[in-house]
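Below is one structure; the comments refer to it alone.
In what follows, chains carry the letters A, B, and so on, assigned in the order in which the sequence lines appear, proteins first and then strands, with residues in each chain numbered from 1. Nothing here was measured: the structure is a model prediction, and the numbers come from that model.
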Number of protein chains: 2
Amino acid sequence: MPPNKLQVPRISDAVAASLEKRILEGSLKPGDRLPPERELAAELGVSRPSLREAIQKLASRGMVQSRQGGGTYVTHQLEASFFDPWQDMMSTHPTLREDLLEFRRMLEGQAAEWAAERATEVDLARLAQTFATLDAAFDAGDLETRAAADIDFHQAIGEATHNALIGHLSAALLRMMQDNIRLNLDELKRVPAAISLLKSQHAAIHTAIAERRPAAARAAAETHIDFVRESLAQSLRSAARRETATRRLNT
Amino acid sequence: MPPNKLQVPRISDAVAASLEKRILEGSLKPGDRLPPERELAAELGVSRPSLREAIQKLASRGMVQSRQGGGTYVTHQLEASFFDPWQDMMSTHPTLREDLLEFRRMLEGQAAEWAAERATEVDLARLAQTFATLDAAFDAGDLETRAAADIDFHQAIGEATHNALIGHLSAALLRMMQDNIRLNLDELKRVPAAISLLKSQHAAIHTAIAERRPAAARAAAETHIDFVRESLAQSLRSAARRETATRRLNT
DNA sequence: TCTGGTTAATTGGTCAAACCAATATTTCTG
DNA sequence: CAGAAATATTGGTTTGACCAATTAACCAGA
């Protein structure tokens, strides 16, 4: 019974594709305001609701932005390419962030434990290398390279578990977090101690795995996630505080 | 002139978020058909065009799929986004099966533990219902309904954890296993005791959660997976034996 | 002439009531 | 009982209208 049959083409899809084409080929540049809905609907030969459905599609992909009474404008950021549905959900459903962190605590804890039990010499060498890179990235690198090094480190742990799913999932979840939390990531820079704390936490995980102490590795990983979770919540609170302060100034 | 000003909240966005929430929480599961547009619009207190705009948003993200005259269905996109690449590999790389089972042991164990800690009365009622269905399906049902009931049961546990990731991931993993192992599933029928054993294991998980004993729930879930893992390996061995025997006959 | 506020036109947001077309369900017929 | 026809359901589309926010035009007062 599920949608196995072929789909009937929908008008709104055709309209959305047409508008997309205009944007991509440049006849509608970023910042441009597209014609009024009534006008555009007449020009395309469709009804206004159909046109609106198409516009909402583009809006949900972040390609256009509408303001009541103002008009509909082409966004400056082309190619949003947010194809992962979890990504957009994260921004609108804050509880998902908590769920993700809680899940990561379990996952990374287990990964560290297994890695300490099963890592081969090759795994340990690779882990040591990614750890060194990460440590250096924290000192000098920009956020991009730091994020990449972070993923590499956690993925090296995942691979050391010799369980393909662990590595894949832990990297995927970390990437998912980074993409939607990068805004608040540099909040950590306001806390001078944060960097050294994070570095010591990573070091604790690394040495516990290298010394093959599973329980210690798990504890270190969980401590690390707990710290991330706590400082993230704290940075969100302080961001909210700054916003109210700014709002107070404007009145 | 660009849209710097604050945005007026659109109804379609609120509706889309509401539907997203239902999907995340599990009240709308992948494969489910959502109510007719007219009905849903009335229930949400919005007009049909507004509801349609919201549905188009979700459809453009691939979370739902509509067929004229048929209905609108929740896709498996959320779960598939994690494991799509793994599906085909499962059949060719047998070690992945082991990894999957090991991962499930951790996941289901944690899920059972959290469910025992956090389940509300509603969760417990739903869990009891899915358990009863599963128990009945083991006696009379064919493989299809048994597999579906199995997914429902484990998903109910996942939902009782009140962690969106747990529910979707555990369902996705179980479905992935069933899809790639169904061939060997009826192997279990050759072991008469297996059915009663599985039933008692499910019962143990259920009662432990219902009685809110987290440690017992985790242990029961892990025991269950251990049994599945062991009997699966055994059935594979016997299947291999039969195959070599058959091959011997043909020469 | 310039400034400020008021008014009018524009434009996206929402709703209501239809009708069409594909599908699903029921009923009828052989 | 199986297959075909009739009916009901359901998404797809259109028309028309009204509201609310924005923008543009206007005009009175300095």
Between the protein and nucleotides 4-8 of chain C, which nitrogen or oxygen pairs come in under 3.5 angstrom?
none

Task: B/S12: side-chain hydrogen bond (donor to acceptor under 3.5 Å, both in side chains) partners, not counting sequence neighbours - done: none

Between side-chain atoms of residues 130-137 of chain B and protein atoms elsewhere (two or more places apart, or another chain), which donor-acceptor pairs fall under 3.5 Å?
unit_1, atom_1, unit_2, atom_2, d
B/T130, OG1, B/R126, O, 3.4
B/T130, OG1, B/L127, O, 2.8
B/T133, OG1, B/Q129, O, 3.0

Task: Whole angstrom value for the distance that separates C1' of D/dG12 from CG of A/L51 - done: 15 Å

Task: Side-chain donor or acceptor of A/D99 paired with backbone N/O of A/L96 under 3.5 Å - done: no

Task: B/Y73 OH to C/dA22 P, straight-line distance once rounded to whole Å - done: 18 Å

TODO: Please collect all side-chain hydrogen bond (donor to acceptor under 3.5 Å, both in side chains) contacts where either partner lies in residues 24-36 of chain B, sequence neighbours excluded, each pair once.
DONE: B/K29-B/E159

TODO: For each nucleotide in nucleotides 11-20 of chain C, reading 5' to 3', give B when a protein heavy atom comes within less than 4.0 Å of its base, S when such contact involves only the sugar-phosphate, and - otherwise.
DONE: BBBBB--BB-

Task: Partner residues of A/I11 under the side chain to side chain contact (heavy atoms under 4.5 Å, CB included) criterion, sequence neighbours left out - done: A/V15, A/V46, A/S50

Task: Partners meeting ring-ring contact (aromatic ring centres under 6.0 Å, His included) with B/F82 (sequence neighbours left out) - done: A/W86

Task: By salt bridge (charged side-chain N to carboxylate O under 4.0 Å, His left out) - contacts of A/D13 (at least two apart) - done: A/R10, A/K57

- [ ] Could I get the full list of side chain to side chain contact (heavy atoms under 4.5 Å, CB included) partners for B/A204, not counting sequence neighbours?
- [x] B/A220

